[in-house]
Amino acid sequence: MRNVKNNQKLYQLFTADALSEIGDVFYYVALITYASQLTNSSLAISLVTTFEFIPPVFSIIIGPIADKLCNKTKVSMIVNILQCTLYLINGLIFLKFQEWTLFGLCLTINFISDTLGIITQEMEPIILKKLSPQISYEKKYGWLSAVAQSFSIGGKFLGGVLLTVMNNHYIFMSFINAATFGCAAVAMALIGNVITKKETKNDEDEKNCALEGIKFLKDNTKVRFIAVLLSNINIVLAPILPIAYILLADKEMYSPVNYSMSVSLLTAIDSLASILGPTFGLRLFKGKKALINSVMVGSIFSAIFCLSIFTRNIYVLMLTLFLASFFIGATIPLLFGGVIKNVPESKIGSVNGVIDTVLAITPPLSTFIFSSSVQYVSAFVNIAILSVFSVCLILIIVKNKGNLF
């Protein structure tokens with residue numbers, strides 16, 4: 001982290017990312033709280049959570065657009081200014097509308113803002129790569145991931161506190177949210193220009209640019225294998241905690257504390273490990289075999305985490321959860337570093353967009369399939385399936401380890 005503190009531009013990027021993260025989280029907390037006060041609140045809350053999942057799915061479309069934009073930091077600054085403007089407008093509409101009409105407008109503004117934010121998200125890898133090239137991309141990505149996770153967690157808590165202190169005055173929350181994006185725009189402006197050269201393309205290439213990321217993944221074995229690994233890790237890990245929550249609720253897992261405290265403990269451990277993994281876990285994996293070693297260790301602890309459910313003991317689950325989240329947290333920056341090393345700068349947005357879309361779809365889909373099927377088959381049957389899948393994933397990694405060098 002010393003290298004980051006000593007590099008002003010990198011520090012400004014992290015600041016911009018943290019402020020944007022706080023803005024997103026603040027508004028999500030405020031919108032969920034407002035939705036809970038409406039008639040038919042269950043529908044309103046489900047709409048908020050559903051609309052939160054949709055924008056990342058558009059990454060596959062937005063990625064190629066991000067590749068075409070030459071001045072990455074300038075565009076990111078403009079996006080932050082637009083988001084700031086949207087939330088200023090959002091604050092003003094509270095003076096005119098009420099109930100479901102107001103909720104619909106707020107939901108729409110938040111959706112537009114989140115979708116605009118995907119543009120910045122798809123340009124961030126190239127900005128991160130070009131800033132402080134003497135620092136490895138994996139280390140920079142790890143710290144950026146830890147910062148985003150930390151401010152996301154802190155933002156949820158602070159957002160709740162602010163709502164309570166302000167007695168649920170949503171107008172002020174909208175203006176505070178606008179201010180965070182305004183400050184993020186200033187931070188981006190201070191970085192200066194990060195410009196990429198625009199490739200000359202014929203008309204046919206322009207028509208097919210939306211499929212460019214898919215085509216690249218099809219042709220490049222290493223990057224395709226990394227993308228498959230990332231999606232499969234999500235498929236295995238995403239449903240386990242929800243299934244554990246179901247077992248705790250049904251008293252099928254031992255816990256010395258009540259249900260809400262058990263859930264809070266598991267969530268806190270998962271969050272803490274997800275922050276520590278990218279920051280300190282990376283130090284454990286060095287040299288040419290860093291990627292394969294991290295993937296193997298992360299996959300093994302993921303499998304152990306799955307199997308730990310069978311102990312029906314929350315203490316065992318907490319330990320294996322921490323280890324799995326920690327080592328997977330260390331693995332993710334190395335996997336994305338592998339993507340960046342093997343993808344030309346002109347295609348990073350397109351390829352990253354495809355991967356981000358897959359990663360946006362697989363966790364909720366896997367969670368829905370495995371957690372909802374608990375109504376029809378035993379939770380332990382689902383865990384057994386996930387455990388077998390995780391072991392098979394380890395065998396696949398061993399067989400294809402040449403793609404991780």
Side-chain angles (χ1 to χ4, degrees), residues 1-22 24-25 120-121 124-125 127-158 184 187 191 226 229-230 233-234 237 241 265-302 304-305 318-341 352 355-356 359 363 404:
M1 190 62 178
R2 191 183 307 150
N3 291 335
V4 174
K5 288 181 178 178
N6 292 337
N7 191 294
Q8 192 175 12
K9 291 186 183 297
L10 200 57
Y11 194 73
Q12 286 159 351
L13 175 64
F14 285 15
T15 302
D17 194 77
L19 288 166
S20 297
E21 190 69 37
I22 289 174
D24 288 335
V25 172
T120 301
Q121 180 183 312
E124 203 165 56
I127 297 173
L128 196 62
K129 181 184 178 182
K130 284 186 169 292
L131 293 180
S132 304
Q134 74 276 13
I135 306 173
S136 71
Y137 180 86
E138 291 84 355
K139 187 179 288 186
K140 291 184 286 186
Y141 183 95
W143 280 108
L144 185 66
S145 175
V147 166
Q149 181 77 355
S150 300
F151 278 87
S152 176
I153 296 166
K156 287 173 185 174
F157 173 75
L158 187 57
I191 293 172
I226 290 173
L229 267 183
L230 284 164
I233 288 169
N234 275 277
L237 293 179
L241 272 184
L265 280 171
L266 290 170
T267 304
I269 288 168
D270 185 32
S271 300
L272 178 63
S274 298
I275 294 169
L276 295 176
T279 50
F280 300 107
L282 275 173
R283 299 178 186 179
L284 302 175
F285 304 103
K286 296 178 181 178
K288 292 182 178 180
K289 293 185 178 181
L291 180 54
I292 180 62
N293 289 341
S294 69
V295 169
M296 281 300 301
V297 172
S299 300
I300 289 168
F301 277 108
S302 296
I304 293 171
F305 175 46
M318 286 192 293
L319 175 62
T320 56
L321 169 62
F322 180 85
L323 291 171
S325 295
F326 179 85
F327 285 109
I328 289 298
T331 301
I332 298 300
L334 289 165
L335 286 169
F336 275 105
V339 172
I340 295 298
K341 287 174 184 175
N352 208 55
I355 295 172
D356 284 345
L359 296 182
L404 296 175

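Position 1 is the first residue of the sequence, and the numbers go up from there.
Side chains of Ser145 and Ile332 form no contact here, defined as non-hydrogen atoms less than 4.5 Å apart. Between Trp143 and Ile135, the closest side-chain pair of non-hydrogen atoms is not below 4.5 Å.
Rounding to the nearest 0.5 Å gives a distance of 10.5 Å between OG of Ser136 and NZ of Lys286. Of the inter-residue distances, the one linking Ile191 atom CD1 with Leu13 atom CG reads 4.5 Å to the nearest 0.5 angstrom. Put simply, CD1 on Ile127 and NZ on Lys129 are 13.5 Å apart, with the number rounded to the nearest 0.5 Å. Here the straight-line distance linking atom CD1 of Ile269 with atom CZ of Phe322 works out to 8.5 Å at 0.5 Å rounding. Taking CG from Leu319 and CD1 from Ile304, the interatomic distance works out to 9.5 Å, rounded to the nearest 0.5 Å. Taken to the nearest 0.5 Å, the CD atom of Glu138 stands 4.0 Å off from the NZ atom of Lys341.
Within the 3.5 Å criterion, the main-chain N or O of Gly298 finds a donor-acceptor partner in the side chain of Ser302. Between the Lys140 side chain and the Leu10 main chain, no donor and acceptor come within less than 3.5 Å of each other.
In plain terms, the two heavy atoms of Pro363 and Asn234 that are nearest each other are CG-OD1, 3.3 Å. Closest approach of Ala184 to Leu19, counting heavy atoms only: N-CD1, 3.7 Å. In this structure, Ile292 and Lys289 approach most closely via the heavy-atom pair CG2-O, 3.2 Å. Heavy atoms only, all atoms of each residue included: Ile340 and Pro125 are closest at CD1-CB, 3.9 Å.
Take Phe336 and apply the ring pair (Phe, Tyr, Trp, His ring centres under 6.0 Å) test, not counting sequence neighbours, and it matches Tyr141. Listed by chain and number, the residues in a ring pair (Phe, Tyr, Trp, His ring centres under 6.0 Å) with Phe305 amount to none (sequence neighbours excluded). In this structure, the side chain to side chain donor-acceptor pair (under 3.5 Å) partners of Asn352, at least two apart in sequence or on a different chain, are Glu122, Asp356. Partners of Leu144 under the side-chain contact (heavy atoms from CB on, under 4.5 Å) rule, at least two apart in sequence or in another chain, are Phe14, Asp17, Glu124, Leu128. For Ser294, the side-chain contact (heavy atoms from CB on, under 4.5 Å) criterion is met by Phe285, Leu291, Thr331, Leu334, not counting sequence neighbours. Residues passing the side-chain contact (heavy atoms from CB on, under 4.5 Å) test with Lys130 are Ile126, Val194, Thr196, Glu345, sequence neighbours excluded. For Ser150, there are no side chain to side chain donor-acceptor pair (under 3.5 Å) partners two or more places apart in sequence or in a different chain. Residues satisfying the side-chain contact (heavy atoms from CB on, under 4.5 Å) criterion with Ile233, sequence neighbours excluded, are Leu237, Ile328, Leu335, Leu393. Every ring pair (Phe, Tyr, Trp, His ring centres under 6.0 Å) that Phe301 has, sequence neighbours left out, goes to Phe327. For the side chain to side chain donor-acceptor pair (under 3.5 Å) test, no residue two or more places apart in sequence or in another chain qualifies with Lys9.
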Pair up each side-chain donor or acceptor in residues 270-278 with any protein partner under 3.5 Å, not counting sequence neighbours, and list the distances.
from	atom 1	to	atom 2	distance (Å)
Asp270	OD1	Ser325	OG	2.7
Ser271	OG	Thr267	O	2.9
Ser274	OG	Asp270	O	2.7

